[in-house]
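The structure appears below as structure tokens.
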Amino acid sequence: MVAPGFCRLSLEAPKIAAAARPGQFVQVYMFSGRRPMLPRPFSIFNANPGQGQISFFIEVKGPGTAMLAAAKKNETWSLLGPLGNGFPAMPEGSLLVAGGAGIAPLVFLAASTQKERLLIYGAPSATMLTCPSSDLDLPGLITLEATEDGSRGEKGTAPELLAVKIKEASAVFSCGPCGMLAAVKSLCVSHGVPGWVSVEERMACGIGACVGCVIKTGNGYRRVCKDGPVFPVEEVVFDEQG
Amino acid sequence: MVAPGFCRLSLEAPKIAAAARPGQFVQVYMFSGRRPMLPRPFSIFNANPGQGQISFFIEVKGPGTAMLAAAKKNETWSLLGPLGNGFPAMPEGSLLVAGGAGIAPLVFLAASTQKERLLIYGAPSATMLTCPSSDLDLPGLITLEATEDGSRGEKGTAPELLAVKIKEASAVFSCGPCGMLAAVKSLCVSHGVPGWVSVEERMACGIGACVGCVIKTGNGYRRVCKDGPVFPVEEVVFDEQG
Amino acid sequence: MNRADLNNHGDLNLQVDLAGIKLKTPVLLASGPAGYGHEYRELLDFRTLGAIIVKGISLEPWTGNLPPRLAETSCGLLNAVGLQNPGVEYFLKEDLPALRNSGTKVIVNVVGCSPDEYAAVTSRLDGKEGIDGLEINISCPNVKAGGMAFGTDPKATAKLVEKVRRETELPLVIKLTPNVTDISTVARAAETAGADGLSLINTLAGMLIDTENQKPLLGNTFGGLSGPAVMPVALKMVWQAAAAVRIPVLGMGGINSADDALQFIMAGARAVAIGTGLFYNPGLPVEINKGLAGYLHDKGYNSLAEVEGVARRQKGAD
Amino acid sequence: MNRADLNNHGDLNLQVDLAGIKLKTPVLLASGPAGYGHEYRELLDFRTLGAIIVKGISLEPWTGNLPPRLAETSCGLLNAVGLQNPGVEYFLKEDLPALRNSGTKVIVNVVGCSPDEYAAVTSRLDGKEGIDGLEINISCPNVKAGGMAFGTDPKATAKLVEKVRRETELPLVIKLTPNVTDISTVARAAETAGADGLSLINTLAGMLIDTENQKPLLGNTFGGLSGPAVMPVALKMVWQAAAAVRIPVLGMGGINSADDALQFIMAGARAVAIGTGLFYNPGLPVEINKGLAGYLHDKGYNSLAEVEGVARRQKGAD
Ligand SMILES: Cc1cc2nc3c(=O)[nH]c(=O)nc-3n(C[C@H](O)[C@H](O)[C@H](O)COP(=O)(O)OP(=O)(O)OC[C@H]3O[C@@H](n4cnc5c(N)ncnc54)[C@H](O)[C@@H]3O)c2cc1C
Ligand SMILES: Cc1cc2nc3c(=O)[nH]c(=O)nc-3n(C[C@H](O)[C@H](O)[C@H](O)COP(=O)(O)OP(=O)(O)OC[C@H]3O[C@@H](n4cnc5c(N)ncnc54)[C@H](O)[C@@H]3O)c2cc1C
Ligand SMILES: Cc1cc2nc3c(=O)[nH]c(=O)nc-3n(C[C@H](O)[C@H](O)[C@H](O)COP(=O)(O)O)c2cc1C
Ligand SMILES: Cc1cc2nc3c(=O)[nH]c(=O)nc-3n(C[C@H](O)[C@H](O)[C@H](O)COP(=O)(O)O)c2cc1C
Ligand code: FES
Ligand code: FES
């Protein structure tokens, strides 16, 4: 538990740790024919190939995440990964935009380089800025916090802050709730800044076989698990369904 | 765990302990819409009104009994009971015939009096005579063990031993597998000795409402949970279905 | 406001009118699991119930099916009780008097082997004090028509409902079977023939095999599946039935929480019934009432009517 | 003999002949969950499978349904993928070549909007190297007949099967939908029209509602229920279908263990398929093979044929 309803889970998984790229995810198997039944996907929050470890940053939402939050030391979990495409290489002067639990893949991304980069981290209020600040204490990373109620950092939403900062950005990398990503998309498009977003959808196989996890894109339905989870922001179609 | 696959579970349940009569049972609630879903019925093995405790003697068969066998100290379980009719009063010179896990209600019955009584306790082999001998160490109770492979006590089945002893018996009280109870029935009927058996059937409500737990009797289908679990042996119809 | 305080539901109105029966709350006991109510009255305060629907009653006593009659499945229960019941005369004499004082409305579930038998039971129940409505269980095999259930054929359903309708002025709820290709046509047939309401679903046909003994686990081979496993199937059929008719619908099938109950109401049900859930949690009806009241309170609604069918309106399904 | 040693099944014969397709083992991958096989080959040794049944293939590419397409239920999975697929030409060019070397037999699941489309797909697949049989999914909506699935009407089923039969000599397995009043008549219609085998069940129609957003959870409103929740329903339909026809039956629906698989075989199935189980346990097919071999060994049987339908014989159901 790092904050109420959130936990950081570290696992020994040398192969995944060695192969993982920022933006990729891992399926955690529950191995049961009842809820939680399907494997649960989590972004890789941190990968340490030296120690053979990876970690997740998990928000407890239902039975699967509750089980993981209750996991004890030395328990064994079955993992499949790394899965998905991951983010492209980040250019100098990139802007990372995280909403709430969407911080997970962006921390790994931020840690993957020492280039100049700025993280905008927004949430409705201070209590939802749950990522431990030690995880954000990365060489050369500047973090700007934003809360809608002004309880920490700037008062406002992450996209509002992005609107101010985007002019100086070479590229935008974002993860968070749909509404936020939609706002990020309009900003990127209107400013002509390339952007990438990591999106979520309910998954079954997690490996591209079942076509269950699609989202609407400009190129038709695309699989989040195999074609994503990272998509060029202009490709993703956000609508009320989201 | 008192033997592999068996456990003795003691619970604080003052009201049940005070009201319980031998042959009655308790429903243990699982409170879940998935297996183990339905409450599980167990005979009262021991009731101590003074200490407000009851105990069960449980054979692990599936998910429900496995959960109970794994129960930890200070856990709370929801119980409903005592349920069912229980055995009638036991006359001097009664014979108790137990097969395997069927020992549970007969130990409570044996402990309910100091009258002269004989317990025949049979199982396929010694490892299945699982009831701790301390529980059978009751004033005035004589226990005869029987195993089919002769690994402990007499070699033979409980009914074979009963056939020898029944002539001296005033009444027979029995619990165990169907095949054994059917043999007990023929012996009681042919010797004109009154007999009572505690039978089992899958239950849902446990209180007589759903008519799910019936067995075939000379008086039509009767509910094990409400009209039983103890029936006059001549009333029960044993057939291949059992 | 604390959820635990919601027992009296504050100002919230949980009352509903089901086919002319005024219910204090929208949570009923489904026919079967609670029998004729005697036993569960000790485990559950009946005054918190909208109504109890008693177990199916036939003209003469029925003996029911060979045991075993029950089996647990993955998130479900198979039963093959076979509608064992003591017959209508016994019910009137021995069960109804106690039900009159149980603190809730009483709906009697009616079964039969022929339209004449259904009609005869209905006629015997008509006008009896303490009976607030009838639920006609049309899942019984139509003996004259090869044993398929009445409720699998819209024409047989219509005939049966018309016949029963002539015998009583009592609110008439027709209980549909889910083992059909198209629930809408059966629902419409029942409405046109004079039903005041529909209830669904009855159990889904199923079976298990005991691989040790190499034979079906239930004495009757086939049984009816209920419990959480069937909930998505039940919800879909309630959605379809509510689209097909204008009379109110009583939804049931695997309801295990207030959220499940809300799903049925948002699909178009006027009220819900709990069957299998009672076995594993006799407090479930009370929990669901509290949960529904909590939901209305939290979202600022004044009555359940405001959410009835709301998911259908959003989808433009009406 | 240790269960763990049973990987090679010793002397035991797990081979079966399904509709003329010789299968190494009686455990197949059901159509859909494993797509066209590429991805699961890394998680599962296909040589242990009787066959892979690939995901439904139509004449032209189908785009499928609006997301969300998946939802978990109590012991079940709802899916509304909507048969998204790249069409038969793409399949032949991009998917079939890899399947030829996958180490197992290949059965292609065929879908369509009209009998003509089914026939056209069948004709394109006919005679292609590496295709061992076809499974005709008759759960698709019959667009010309009001959108009810072909498989809900015995006449529409017969017409469809006859038409497809004319296009190929390949073994033809007809995949039945469980959303029908009477599976027997559909099963017989398919047999009479020329089917070599039947497979069932496809998913049960169901839905869920998101009470937070007050709308159906799936983008398509309705979806198909699969997984352990449906197993007793599937088993009963396999039992009935096996009673109705002489051609072999491939059983599926919620199989989660070797004991489940045995139940289907004892009900009369020749072989079984695993769908949803693959998602939560990719090793399930291998486990089931081992479990079946272990059962045969422990009980002294030499082949699965000795237990096929054994629970039916005991009940005198044949
Ligand atoms: C590629 C990917 C990466 C993810 N990374 C993270 C992460 O790093 N940290 C984290 O906390 N969560 C992450 N998620 C979301 C996480 O997978 C879900 O919250 C989790 O599966 C919920 O399981 P549950 O059993 O606890 O809740 P459930 O009862 O299954 O669901 C609770 C609620 O969560 C939502 N939900 C469920 N599954 C998904 C899903 N696959 N995608 C989106 N929403 C879902 C639904 O609204 C549902 O009502 C990610 C999802 C995807 C697809
Ligand atoms: C009145 C009564 C008293 C009982 N007393 C005892 C007791 O003192 N100690 C004890 O160990 N067991 C007793 N039982 C049996 C016990 O209830 C079952 O073994 C238990 O419910 C199995 O639950 P499970 O989840 O472990 O296994 P499940 O998976 O539910 O069942 C495993 C196997 O046990 C059998 N079984 C399941 N339920 C019952 C049942 N209600 N009656 C008979 N067989 C069943 C079936 O063959 C089943 O295949 C009693 C049963 C009844 C009806
Ligand atoms: C043990 C049992 C007995 C039942 N008996 C009847 C009955 O007599 N008449 C009837 O219409 N439905 C009967 N049902 C069906 C239920 O009323 C209900 O429709 C079904 O179980 C689905 O709801 P549930 O999942 O909440 O149990 C019975 C169900 C069970 C489990
Ligand atoms: C995600 C998914 C996709 C499916 N796609 C198909 C399909 O394309 N064609 C078909 O005939 N059945 C399809 N099915 C049905 C399965 O083949 C199977 O009949 C059903 O899921 C029951 O088996 P199960 O419970 O083991 O999954 C699909 C099922 C799932 C879960
Ligand atoms: S989860 Fe199966 S394709 Fe993405
Ligand atoms: S278990 Fe319901 S009547 Fe006995």
Side-chain angles (χ1 to χ4, degrees), chain A residues 15 27-41 61-65 67 77-84 177-179 199-228 236-242, chain D residues 29 32-44 52 54-56 61-86 213 215 217-219 223 226-229 231 254-257 260 275-284:
Chain A
K15 283 187 196 160
Q27 286 268 74
V28 181
Y29 280 83
M30 304 286 156
F31 272 127
S32 138
R34 58 202 216 172
R35 294 192 82 178
M37 178 169 88
L38 299 169
R40 301 304 202 241
K61 285 205 170 174
T65 47
M67 270 179 70
W77 291 82
S78 281
L79 308 180
L80 182 66
L83 301 170
C178 265
V199 298
E200 297 187 357
E201 189 44 86
R202 291 144 194 275
M203 292 184 178
C205 72
I207 53 177
C210 75
V211 219
C213 64
V214 301
I215 55 157
K216 234 198 238 177
T217 77
N219 301 313
Y221 292 130
R222 303 202 68 196
R223 297 166 300 182
V224 170
C225 70
K226 187 90 174 185
D227 307 315
V236 182
V237 178
F238 297 100
D239 55 18
E240 336 77 80
Q241 282 295 329
Chain D
L29 295 191
Y36 305 100
H38 306 292
E39 295 84 7
Y40 273 101
R41 282 179 71 177
E42 291 177 29
L43 298 186
L44 175 64
I52 174 174
V54 300
K55 185 162 175 53
W62 284 6
T63 52
N65 288 329
L66 214 68
R69 292 179 171 183
L70 299 168
E72 233 178 63
T73 74
S74 292
C75 294
L77 171 67
L78 269 180
N79 93 80
V81 166
L83 296 169
Q84 174 174 342
N85 82 85
N213 296 319
K215 66 183 181 189
L217 208 150
L218 297 173
S226 59
M231 186 274 189
I255 294 175
N256 187 28
S257 66
D260 287 348
T276 304
L278 214 59
F279 291 142
Y280 57 84
N281 182 2
L284 192 56

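Just so it is clear: chains get the letters A, B, ... in the order the sequence lines come, proteins before strands, and each one is counted from 1.
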| task | Tell me, for D/Leu77 versus chain A, whether the close heavy atoms (under 4.5 Å) come from the side chain, the backbone, both or neither. | result | both
| said: Restricting to non-hydrogen atoms, name the atom on A/Phe31 and the atom on D/Tyr280 that form the minimum distance, rounded to 0.1 Å. | reply: CD2-O, 3.2 Å
| query | Which atoms of A/Tyr29 come close to chain D, meaning under 4.5 Å heavy atom to heavy atom: side chain ones, backbone ones, both, or neither? | reply | side chain
| note | Honestly, the part of A/Ser32 sitting under 4.5 Å from a heavy atom of chain D is backbone
| query | So what's closer than 4.5 Å to chain A heavy atoms on D/Ser257: side chain, backbone, both or neither? | reply | neither
| note | In terms of heavy-atom contacts, D/Gly64 and A/Tyr221 come closest through O-CE1, 3.6 Å
| field | Over all atoms of both residues, closest heavy-atom pair of A/Gly33 and D/Pro228 | value | O-CG, 3.4 Å
| Picking from A/Met37, A/Arg202, A/Lys226, which has the most non-hydrogen pairs under 4.5 angstrom with chain D? | A/Met37
| task | Go through the atoms of D/Asn281 and report whether side chain, backbone, both or neither lie under 4.5 Å from a heavy atom of chain A. | result | both
| message | Less than 4.5 Å apart, side chain to side chain, heavy atoms only: is that true for A/Cys205 and D/Glu39? | response | no
| remark: Here the pair of heavy atoms bringing D/Thr73 nearest to A/Arg35 is O-CG, 3.4 Å
| said: Please classify the contact between A/Ile207 and chain D as side chain, backbone, both or neither, with a heavy-atom cut-off of under 4.5 Å. | reply: both
| field | Winner by heavy-atom pair count (cut-off under 4.5 Å) against chain A, out of D/Gly37, D/Gly277, D/Pro282, D/Ala71 | value | D/Pro282
| field | Side chains of D/Leu66 and A/Lys216 in contact at under 4.5 Å (non-hydrogen atoms) | value | yes
| message | Please classify the contact between D/Asn65 and chain A as side chain, backbone, both or neither, with a heavy-atom cut-off of under 4.5 Å. | response | backbone
| query | Side chains of A/Val211 and D/Lys55: closer than 4.5 Å at any heavy-atom pair? | reply | yes
| remark: Most heavy-atom pairs under 4.5 Å with chain A, out of D/Gly32, D/Gly82, D/Cys75, belong to D/Cys75
| task | Grab the two heavy atoms, one from D/Leu70 and one from A/Ala204, that are nearest each other, plus how far apart they are. | result | CD1-N, 3.5 Å
| said: Using every non-hydrogen atom in the two residues, find where A/Cys210 and D/Pro33 come nearest and quote the distance to one decimal. | reply: CB-O, 3.8 Å
